[in-house]
**Q** 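Have a look at this one.
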Amino acid sequence: MIVADEGLNANFIWELRDSGYEIEWIGEIGKGMDDYSVIEYVQEKSGVLITEDKDFGEWVFSHHISGLTIIFLRYEKADFPVILNFLKVALKEIENAHENEFITINRNKIRKRKI
């Protein structure tokens, strides 16, 4: 299950849905949900969270949250097509992975850290 954080640029959601991905968007199902509740929701679904909110990195690394994979997007507006392509690559790789990761995507690379 893929879950998009409420603050994620909606263009990513539309593009991924158009590409056949099933995505639950917090903005549609739980508007105003706090970060910890989002984490619990994604953990219950054994899912992947896509976000632009760096606070989720703090939850994972400072508060030792596990049981989910987080994809953190760092980009400038002009980088959208590059980030979208990297995001699709990361999602394909996750389909076959059996480990939870914190994945950071920027215009130059995809970086993965096991959590």
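Nothing here was measured: the structure is a model prediction, and the numbers come from that model.
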**Q** Using side-chain contact (heavy atoms from CB on, under 4.5 Å), reason through Asp5 and Ile50 one step at a time and then give a plain yes or no.
**A** CA-CA 6 Å; Asp5 187 30; Ile50 304 172; over 6 Å; no

**Q** Verify the cluster assignment for Val48 and Trp14: are they in a single hydrophobic cluster under the rule of side-chain heavy atoms below 4.5 Å apart?
**A** yes

**Q** Can you name the one residue among Ile29, Ile13, Ile2 that meets side chain to side chain contact (heavy atoms under 4.5 Å, CB included) with Glu24?
**A** Ile29

**Q** For the residue pair Tyr36 and Tyr41, is the inter-centroid distance of their aromatic rings smaller than 6.0 Å?
**A** no

**Q** Taking all atoms of both residues into account, what is the closest heavy-atom pair of Asn9 and Asn11, and its distance?
**A** OD1-N, 2.8 Å

**Q** For Ile83 and Arg74, which heavy atoms make the closest approach, and how far apart are they?
**A** CD1-O, 4.0 Å

**Q** Rounded to the nearest 0.5 Å, what separation is found between the CG atom of Asn106 and the CZ atom of Arg111?
**A** 8.5 Å

**Q** Rounded at 0.5 Å granularity, tell me how far CD1 in Ile65 sits from CD in Glu58.
**A** 11.0 Å

**Q** With a 4.5 Å cut-off on side-chain heavy atoms, are His64 and Trp59 touching?
**A** no

**Q** Test Leu73 against Phe12 for side-chain contact (heavy atoms from CB on, under 4.5 Å), laying out the working first.
**A** CA-CA 10 Å; Leu73 306 179; Phe12 285 111; 3.9 Å; yes

**Q** Taking side chain as C-beta onward, heavy atoms only, is Glu101 less than 4.5 Å from Ile70?
**A** no

**Q** Between Lys88 and Glu95 (salt bridge meaning N to carboxylate O under 4.0 Å), is one present in this structure?
**A** no

**Q** Could you pull out the closest heavy-atom pair between Ala4 and Leu49, with the gap in Å?
**A** C-CD1, 4.3 Å

**Q** Using the rule that Ile, Leu, Val, Met, Phe, Trp and Tyr join whenever any side-chain heavy atoms are under 4.5 Å apart, tell me whether Val3 and Ile94 fall into a single cluster.
**A** no

**Q** Centre-to-centre under 6.0 Å for Phe102 and Phe61, is that the case here?
**A** yes

**Q** Do you know the tightest heavy-atom contact between Glu6 and Gly30?
**A** OE1-O, 4.4 Å

**Q** side-chain contact (heavy atoms from CB on, under 4.5 Å), that's the test. Do Glu52 and Tyr75 meet it? Break it down for me.
**A** CA-CA 9 Å; Glu52 296 177 27; Tyr75 67 99; 2.8 Å; yes

**Q** Should Leu91 and Ile71 be marked as a side-chain contact (heavy atoms from CB on, under 4.5 Å) after you check the CA-CA gap, both sets of side-chain angles, and the distance that decides it?
**A** CA-CA 9 Å; Leu91 289 170; Ile71 300 176; 3.8 Å; yes

**Q** Cationic tip of Arg107 within the cone over Phe86's six-membered ring, i.e. under 6.0 Å and within 45° of the normal?
**A** no

**Q** If I take atom CD from residue Gln43 and atom OG1 from residue Thr69, how far apart are they, to the nearest 0.5 angstrom?
**A** 11.0 Å

**Q** Evaluate the salt bridge (Lys or Arg N to Asp or Glu O under 4.0 Å) criterion for residues Glu22 and Arg17: first the C-alpha distance (whole Å), next the side-chain angles of each, then the deciding distance (0.1 Å), finally the verdict.
**A** CA-CA 6 Å; Glu22 291 184 32; Arg17 285 178 176 168; over 6 Å; no

**Q** Got a second to check how far Asp55's CG is from Asp34's CG, nearest 0.5 Å?
**A** 11.5 Å

**Q** Treat each ILVMFWY residue as a node, draw an edge where side-chain heavy atoms are under 4.5 Å apart, and state whether Val60 and Val38 are in one component.
**A** yes

**Q** If you group Ile, Leu, Val, Met, Phe, Trp and Tyr by side-chain heavy-atom gaps below 4.5 Å, do Ile23 and Leu87 land in one group?
**A** yes

**Q** Rounded to the nearest 0.5 Å, what separates atom CD1 in Ile103 from atom NZ in Lys112?
**A** 5.5 Å

**Q** List the atom of Ala90, the atom of Ile105, and the distance in Å for their closest heavy-atom pair.
**A** CB-CD1, 4.0 Å

**Q** Indicate yes or no: at least one non-hydrogen side-chain atom of Leu84 is less than 4.5 angstrom from one of Leu16.
**A** yes

**Q** Check this for me: does any side-chain nitrogen of one of Lys114 and Glu99 sit under 4.0 Å from a carboxylate oxygen of the other?
**A** yes

**Q** Mind checking whether Tyr21 and Phe72 sit in one hydrophobic cluster, side chains of I, L, V, M, F, W, Y counted as touching below 4.5 Å?
**A** no

**Q** Under the 3.5 angstrom rule, does the side chain of Ser19 hit a backbone N or O of Glu15 as a donor-acceptor pair?
**A** yes

